[in-house]
Novice: 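Below: one structure in structure tokens.
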Amino acid sequence: MEDDVLKLYGHRGAKGEAPENTLEGFVHAYQQGIRRFELDVQLTKDGQLVVLHDQSLKRTTGLDVKIKDATFVDISELDARKNTASWGTHCHIPTLKQVVDSCPEVEHWQFEVKTSSKDRLGILCEHLIEYINAHDLKNRCAATSSDIWFLKQLRNKDRSIKIGYVAEYRFPGPLKTAKSLGCEFLCIHYPLSTERLVQDAHNQGIHLSCWTVNSIHEMLNLKEQGVDSIITDYPSSALIYFENHGLLTTD
């Protein structure tokens, strides 16, 4: 573990507090003091890196179109507040650059890439590497995914960018997979975490991050296990609790 104090990431910005993966959500959490974020990166038809969880626009905008079939101009004016935390003003789907530029003092980002076709993942990989290098983010980000092919491609193309394996299930072994890929991060569904797994990850120099943790009780249990970081939908309220008890850092 990097130190003995838990680190906190806002999930999709602050999914429980503001519309997920919107500029407004990230700025909201940033203004409350959050300095670590997890977000989802997708690729538009015209090759723009945008921040969006689903491959379809339907859930958050109501438009039944896949992101791979839409240009950024097509989606730039859509309102992304459907099926999200309530918010009083129009929220756009942002580019990755817009989000990162809006939160200049963020200490660390987890850029998660969802499974897609190898053709699209290959293009996304090239664009993401170019973006990270152009904006000097190598020391402030990790590219994470459950897609082993994508992680291998990124590692082969640029070994200086940190990668993380995202695991939802206990089998096959998440840590074994992360180690085989040369990952610096292992991002697991929090019920998978155990003291033994945490210790084994640390022995191999791997940062263990748990998602999505919305209960203070579960956060405290994970802290006792020694996990490095948690990802939560409610980063602002979690920050208040942990700072009041001297148990958290966002640095």
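All values below were derived from every heavy atom in this structure, side-chain atoms included, with hydrogens, water molecules and symmetry-related copies excluded. Just so it is clear, the structure is predicted and the values come from calculations on it, not from any experiment.
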Novice: Distance check, rounded to the nearest 0.5 Å: E20 atom CD versus T84 atom OG1?
Specialist: 7.0 Å
Novice: Could you list the residues that satisfy ring-ring contact (aromatic ring centres under 6.0 Å, His included) with Y165, not counting sequence neighbours?
Specialist: none
Novice: Taking only residues two or more places apart in sequence, or in another chain, which ones meet Y241 in a ring-ring contact (aromatic ring centres under 6.0 Å, His included)?
Specialist: H245
Novice: Can you name the closest pair of heavy atoms from S76 and H92 and give their distance?
Specialist: O-ND1, 2.8 Å
Novice: Can a donor-acceptor pair be found between the side chains of S160 and K138 at a distance below 3.5 Å?
Specialist: yes
Novice: Please confirm whether H108 and F185 have ring centers closer than 6.0 angstrom.
Specialist: yes
Novice: Restricting to ring-ring contact (aromatic ring centres under 6.0 Å, His included), what partner residues turn up for Y131, sequence neighbours left out?
Specialist: H135
Novice: Could you tell me which non-hydrogen atom of G47 sits nearest to which non-hydrogen atom of H127, and how far apart they are?
Specialist: O-CD2, 3.1 Å
Novice: Can S193 and V198 be said to form a side-chain contact (heavy atoms from CB on, under 4.5 Å), step by step?
Specialist: CA-CA 7 Å; S193 181; V198 173; 3.7 Å; yes
Novice: Does the side chain of D200 come under 3.5 Å of the side chain of Q204 through a donor N or O and an acceptor N or O?
Specialist: no
Novice: Taking the six-membered ring for Trp, is the centroid-to-centroid distance between H11 and W211 below 6.0 Å?
Specialist: no
Novice: Check the pair L39, L96 against side-chain contact (heavy atoms from CB on, under 4.5 Å), reporting the backbone distance first and the verdict last.
Specialist: CA-CA 9 Å; L39 55 78; L96 180 59; 3.8 Å; yes
